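Computed over heavy atoms, backbone and side chain alike; hydrogens, waters and symmetry mates excluded. Only a predicted model underlies this, so the values are computations on that prediction, with no experimental measurement involved. Chain letters run A, B, ... following the sequence lines, proteins first, then strands; residues in each count from 1.
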Amino acid sequence: MTVTVLLFASYADALGAASLDVELPRDSTVRDLVSAIRARPGADRLPATPLVAVNLQYAASDRIVLDGDEVALIPPVAGG
Amino acid sequence: MTVTVLLFASYADALGAASLDVELPRDSTVRDLVSAIRARPGADRLPATPLVAVNLQYAASDRIVLDGDEVALIPPVAGG
Amino acid sequence: MTPLATVARTPIDPLALLRRVASPANGAVLLFLGAVRQVNEGRAVTGIDYAAYEQMAASELEAIVAEGASRFGTADVAVEHRLGELAVEEISVAIAVGHPHRDAAYALSRWIIEELKRRVPIWKREHYTDGTREWVDPAGRPSAELVP
Amino acid sequence: MTPLATVARTPIDPLALLRRVASPANGAVLLFLGAVRQVNEGRAVTGIDYAAYEQMAASELEAIVAEGASRFGTADVAVEHRLGELAVEEISVAIAVGHPHRDAAYALSRWIIEELKRRVPIWKREHYTDGTREWVDPAGRPSAELVP
């Protein structure tokens with residue numbers, strides 16, 4: 001399946017895009033998704049285990065990514 | 001000398017006046033002043049050692065009261 | 001701007017205090033408002049009148065504001081206490097502080113309200129729905145603390 | 001009134017938030033304002049742009065406000081975070097809370113700003129006088145904390 005991953009702020013700058021389409025086998029976890037992204041050019045500027053949100057909530061690395069999930073990488077937040 | 005003592009809030013209510021003239025010998029202290037006031041009708045509703053301000057500042061009980069000092073009894077404060 | 005401490009009979013304008021503490025150096029601004037509550041310790045309140053030893057209240061408030069500004073390292077402090085008859089929901093006291101950092105802004109704001117309640121000679125008389133009025137005596141205040 | 005949490009591109013109106021949390025039950029109202037500082041960690045700043053994962057920022061902020069209101073026992077909470085380009089001194093975030101007692105008002109206000117900074121997906125890029133721009137990365141944030 002194809003998962004679209006939203007990117008923001010410094011991560012969007014590092015990967016040169018506001019989103020990435022990532023090809024993943026079924027039953028892949030958040031951890032697998034991050035590994036796939038780490039192969040992309042510029043991803044070396046990301047931390048080893050970036051925060052991931054699935055459907056607007058912070059997700060654990062063993063969470064299964066389902067077709068249709070809204071997935072995003074979350075750089076260290078700096079609101080306020 | 002005659003010292004005019006300002007009264008406020010519950011103390012003014014207790015003594016039935018916004019100020020009292022108190023006759024004191026020279027070199028009297030704040031403590032002496034309080035003793036003199038305690039003889040007045042209604043003063044039994046005051047605490048044994050009410051706070052006293054002299055010239056707009058809280059004063060210790062051994063402070064000498066001078067002619068011309070502005071003296072006030074200060075009930076427990078309740079601002080805010 | 002120079003710290004401001006006022007005791008006044010006119011309504012408090014919180015926005016004026018906020019403007020007073022604004023500065024490009026401040027990452028944090030905090031405004032505390034004390035207001036007349038409808039219920040205090042279980043009794044229905046219709047209003048409060050605030051009385052003061054006005055000259056001393058002004059000088060104590062100025063001393064608190066100056067000491068707070070110096071302790072916490074900012075000149076952006078503005079405090080106003082209202083006197084007279086206040087209805088429920090009216091603002092009795094406003095404390096505005098500006099500081100580069102929020103930790104200090106919260107600490108300074110808190111320090112000022114506690115000092116104000118501890119030592120500024122202001123008294124309040126609550127008016128109750130049954131028509132009675134009573135001076136509020138904050139229980140257990142150790143008066144000796146205030147003597148030098 | 002029901003708690004309010006907003007992420008918006010328009011300037012924040014602090015007075016509107018204050019009005020929102022006013023209630024005859026509240027003896028204390030606290031307004032926290034975060035603003036753009038001219039100097040941050042020694043560098044001269046000309047402005048900041050705030051970006052967000054807008055939908056998630058809104059839902060995280062709503063969750064914080066709801067949790068804070070419930071923990072501290074008041075519905076009078078209103079929070080607004082600004083997005084887009086802000087000049088020095090402009091307000092980036094406003095947190096208004098009303099509570100019967102000041103202890104809880106201070107604690108709730110503080111709790112909300114800390115939670116907001118910990119978990120709402122908003123990012124800021126500082127603009128410096130030399131024309132450069134940099135995303136602010138709050139050092140040492142342990143990201144694992146945010147995972148359920």
The residue among A:Leu56, A:Leu6, A:Asn55 that forms side-chain contact (heavy atoms from CB on, under 4.5 Å) with D:Gln55 is A:Leu56
Any idea which of D:Arg82, D:Arg125, D:Glu60 has the most non-hydrogen atom pairs under 4.5 angstrom with chain A?
-> D:Glu60
Spell out, as yes or no, whether a donor-acceptor pair under 3.5 Å connects the side chain of D:Trp123 to the backbone of A:Phe8.
-> no
D:Val120, D:Ile113, D:Leu116, D:Ile122: which one forms the most heavy-atom pairs within less than 4.5 Å of chain A?
-> D:Ile122
Can you tell if the side chain of D:Tyr53 reaches within under 4.5 Å of the side chain of A:Leu73, non-hydrogen atoms only?
-> no
Taking atom CD of D:Glu41 as the centre, report whether more than 12 heavy atoms of other residues, nucleotides or ligands fall under 6.0 Å from it.
-> no
D:Ala63 versus chain A, heavy atoms under 4.5 Å apart: side chain, backbone, both or neither?
-> neither
Honestly, the part of A:Asp13 sitting under 4.5 Å from a heavy atom of chain D is side chain
Are any of the side-chain heavy atoms of D:Met56 and A:Tyr58 separated by less than 4.5 Å?
-> yes
Heavy atoms only: give me the nearest A:Gly80-D:Ser92 pair and the separation to one decimal.
-> O-OG, 3.2 Å
Measure distances from A:Ala59 to the heavy atoms of chain D and classify the residue's part below 4.5 Å as side chain, backbone, both or neither.
-> backbone
Looking only at heavy atoms, what is the nearest atom pair of A:Val77 and D:Pro121, with distance?
-> CG1-CA, 3.6 Å
